[in-house]
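Comments concern the structure below.
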Amino acid sequence: MKDMIDSAHHEDGAVSSEAASLPEKAPVVDLDDEEGYLKILRERPVKMFSGPRIRLYATCVIIYLCSTMNGFDGSLMTSINTMQEYIDYFHLSGSATGTGIIFSIYQIGQISATVFIWLADYIGRVRTIFAGCVLVCVGAIISATCDQIHTFIGARFLLSFGCGLATAVCPMYLVEITPPELRGNLSAMYNSFYYVGSIIATWSIYGTSISHKGSELSFKIPLWLQLLCPGMVVVGVLFLAPESPRFNYLKDKKQATRDFFVKYHADGDDTHPLVDYEMAQVEISFLELPKFGIRDYFDFPKLFTTKSRAYRSLLVIAWSWFGQYSGNAVVGYYMTTIFLDLGITNATTRLLLNAVNSILGLVFAASGSLLVDRVGRRFMMIYATSGFILSFTVIAACIAAFENNGNQVAGRAGIAFIYIFNNVFFSFGYTPLQPLYPAEILSSEMRARGMALFQLTQGVASFVNTFAAPTAMENIRYWFYVFYVFWDCIELVVIYFFFVETKRLTLEEIESLFEGSSPVKTSIKVAKHHDEQAKFRKQQAKDEKKAAAETLANLQNAVIDNAA
């Protein structure tokens with residue numbers, strides 16, 4: 001398969017005839033290659049809904065609830081920031097700087113948590129997730145019971161630290177426990193559950209703003225509800241979640257690793273060939289991956305020692321920054337404020353609009369997760385970023401028209417484009433790819449440090465956004481959104497010229513891409529070649545099925561004729 005990639009570097013820019021054909025699968029050991037696994041399953045099927053498999057699916061759902069914690073907090077603070085009861089209770093003066101600190105402390109906590117990602121390799125994935133969620137629960141209790149703003153800020157730091165610790169480990173844990181044939185779908189759904197937390201937060205606040213209007217319970221009850229999802233994770237991982245087989249192997253518990261594959265992937269059949277297959281994969285992965293010490297996790301200069309490694313690392317930094325600095329953090333955290341700027345003065349109406357947005361976000365994010373392997377990473381990135389430029393152009397123009405001329409039609413159009421930006425473009429195009437793309441482009445040896453760099457950069461970008469946004473929105477008004485028009489244009493150019501396509505590519509192929517002279521062009525050609533292969537095999541399967549049906553019909557007719 002590497003030869004096929006190398007052939008795509010020919011000066012004529014065309015894929016060679018050898019590459020254009022459908023070669024047999026190269027005998028290459030590839031940890032992300034599922035064809036061998038699928039071949040075993042075709043010969044020895046495993047029940048999809050056996051007892052252990054159902055427990056594994058339930059574990060995945062429990063882990064998804066960690067993603068809801070970020071969604072809950074973002075929507076919670078967006079909503080209560082518009083409530084007069086909250087402002088009066090904590091004696092907030094309406095200072096933009098003060099509001100920025102309350103929001104951005106969450107990012108500071110998550111940035112701080114990156115220092116402790118190494119715990120996943122020392123106490124285990126499950127225990128690290130458990131510890132993180134316990135901290136979230138403690139922080140939620142303090143925030144719901146305190147009456148001083150500095151205590152509230154401290155509680156938000158604690159719960160964000162715990163959330164950052166848990167959510168850094170969850171994607172890794174999901175990839176390690178899910179069966180390869182289900183790994184893509186089960187892992188892609190994780191980030192979409194951000195919007196489940198958002199739905200819980202926005203609709204609960206909408207309800208309490210009506211039923212407890214004028215009372216501190218209008219925002220205290222939603223603060224208490226911040227215990228819901230992490231509390232379920234704490235209980236769930238204690239009774240459901242098995243430890244990662246890779247962590248067990250790391251700790252030299254080879255039998256425990258094998259027992260996991262037997263129980264959860266092979267339906268308890270110790271003689272099933274996929275058990276040996278997966279054990280071999282784990283063994284090979286640890287031949288490739290060095291055992292890191294604590295210091296190694298923060299040795300970021302090693303990510304830039306070669307041209308190939310530097311290219312990958314810069315893509316990780318760019319993508320993590322784009323994921324938080326495309327205007328989404330501003331629209332997400334300060335949506336109700338934008339609604340106010342567009343003429344929606346009734347607080348309850350603004351809360352309702354925010355709640356509806358959460359439901360749409362879940363629908364579009366889930367749709368994007370299901371389509372990302374079909375349409376490709378670059379297409380979704382380019383499509384979404386182009387949509388950002390369009391959306392912020394319209395939003396800025398609408399706010400300007402409403403503020404300067406009182407244009408009601410412009411105000412309604414601006415609200416519509418907030419929904420379009422959040423859902424049709426960001427939730428659909430960026431949400432499924434945020435944790436997925438960095439993990440794909442990083443090599444095995446780079447992945448631990450690279451993902452720590454990803455989370456650190458993401459936290460810094462989000463902090464800058466949420467801290468600066470209130471001041472910018474207060475002082476430069478709609479020009480703040482004009483800034484994002486130009487910034488998103490820069491993002492679009494960077495994505496188009498530098499981001500490789502990873503759809504249908506194995507790790508070996510991605511390795512070869514970054515070693516070549518034109519990674520982007522080559523990645524597009526190879527991905528297209530894989531699409532053609534997939535279409536050919538699909539058509540071949542249809543033809544074989546049709547031929548088999550015709551043969552069966554002919555046999556039946558022959559039997560009938562003989563009987564007659």
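Heavy atoms only: backbone and side chains are in, while hydrogens, waters and symmetry mates are out.
- Considering all non-hydrogen atoms of both residues, V424 and Y383 come closest at O-OH, 2.9 Å.
- In terms of modelled atom types and a separation under 3.5 Å, the side chain of R246 and the main chain of V282 share no donor-acceptor contact.
- Not one N or O on the side chain of R377 forms a donor-acceptor pair closer than 3.5 Å with the backbone of L433.
- T114 places a side-chain N or O within 3.5 Å of a backbone atom of I111 that can act as its donor or acceptor partner.
- Atoms OG1 and CG, from T393 and L390 in turn, are 6.5 Å apart once rounded to the nearest 0.5 Å.
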V464 and Q324: side chain to side chain contact (heavy atoms under 4.5 Å, CB included), yes or no, with the steps?
CA-CA 9 Å; V464 172; Q324 296 299 318; over 6 Å; no
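- In this structure, OG1 on T208 lies 10.0 Å from CD1 on I80, to the nearest 0.5 angstrom.
- Not one N or O on the side chain of S427 forms a donor-acceptor pair closer than 3.5 Å with the backbone of A365.
- Taking the six-membered ring where the residue is Trp, W321 and Y325 present tilted rings, their angle falling between 30° and 60°.
- Put simply, the residue from F322, F421, F388, Y430 that forms a side chain to side chain contact (heavy atoms under 4.5 Å, CB included) with N328 is F421.
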Test E85 against S215 for side chain to side chain contact (heavy atoms under 4.5 Å, CB included), laying out the working first.
CA-CA 7 Å; E85 296 89 345; S215 167; over 6 Å; no
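- Residue R55 qualifies as enclosed at atom CZ: its count of foreign heavy atoms under 6.0 Å is above 12.
- Atom CG of L165 and atom OG of S112 lie 11.5 Å apart (nearest 0.5 Å).
- Shown here are the side chain to side chain donor-acceptor pair (under 3.5 Å) partners of E176, two or more places apart in sequence or in another chain: R125, S244.
- Around NZ of K213, the count of heavy atoms belonging to other residues, nucleotides or ligands within 6.0 Å does not exceed 12.
- The shortest side-chain heavy-atom distance between T431 and Y195 falls under the 4.5 Å cut-off.
- With values rounded to the nearest 0.5 angstrom, S75 atom OG is found 10.5 Å from N70 atom CG.
- Nearest heavy atoms, C163 versus Q110: SG-NE2, 3.7 Å.
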With side chain to side chain contact (heavy atoms under 4.5 Å, CB included) as the criterion, how do I123 and T128 come out once you've worked through the C-alpha distance, each side chain's angles and the decisive distance to 0.1 Å?
CA-CA 7 Å; I123 65 174; T128 304; 3.5 Å; yes
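- Residues L159 and L135 fail the side-chain proximity criterion, which asks for heavy atoms closer than 4.5 Å.
- T385 places no side-chain N or O within 3.5 Å of a backbone atom of I382 that could act as its donor or acceptor partner.
- Heavy atoms only, all atoms of each residue included: N357 and N423 are closest at OD1-ND2, 3.1 Å.
- Residue T257 comes nearest to Y249 through the heavy atom pair OG1-N, 3.2 Å, listed as atom of the first residue, atom of the second, then distance.
- Not one N or O on the side chain of S462 forms a donor-acceptor pair closer than 3.5 Å with the backbone of Q107.
- Between I63 atom CD1 and I129 atom CD1 the span is 4.0 Å, to the nearest 0.5 Å.
- You'll find the side chain of L174 reaches within 4.5 Å of the side chain of Y64, heavy atoms only.
- Taking the side chain to side chain donor-acceptor pair (under 3.5 Å) definition, one finds that E491 meets it with S326, W487, sequence neighbours left out.
- A113 and G164 make their closest contact through CB-C, 3.8 Å (heavy atoms, listed as atom of the first residue, atom of the second, distance).
- I177 is listed as a side-chain neighbour of P245, based on a closest heavy-atom distance under 4.5 Å.
- Annotation: side chain of L303 is not in contact with side chain of V316 (no heavy-atom distance under 4.5 Å).
- T349 pairs by the side chain to side chain donor-acceptor pair (under 3.5 Å) definition with N346, not counting sequence neighbours.
- Residues F514 and V500 form a side-chain contact, since some pair of their non-hydrogen atoms from C-beta on lies under 4.5 Å apart.
- No side-chain heavy atom of I221 sits under 4.5 Å from any side-chain heavy atom of S211.
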Worked verdict on I205 versus F219 for side chain to side chain contact (heavy atoms under 4.5 Å, CB included):
CA-CA 7 Å; I205 292 174; F219 70 91; over 6 Å; no
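- In this structure, CZ in F130 is found 4.5 Å from CG in L238, a value given to the nearest 0.5 Å.
- Looking at R156, its side chain never comes within 3.5 Å of a backbone N or O of S143 through a donor-acceptor pair.
- Closest approach of W203 to V356, counting heavy atoms only: CZ2-N, 4.2 Å.
- Annotation: side chain of F72 is not in contact with side chain of V136 (no heavy-atom distance under 4.5 Å).
- Put simply, the side chain of Y419 gets close to the backbone of L353: a donor and an acceptor are under 3.5 Å apart.
- Tested against Y484, the residues F392, W479, F426 include a single ring pair (Phe, Tyr, Trp, His ring centres under 6.0 Å) partner, F392.
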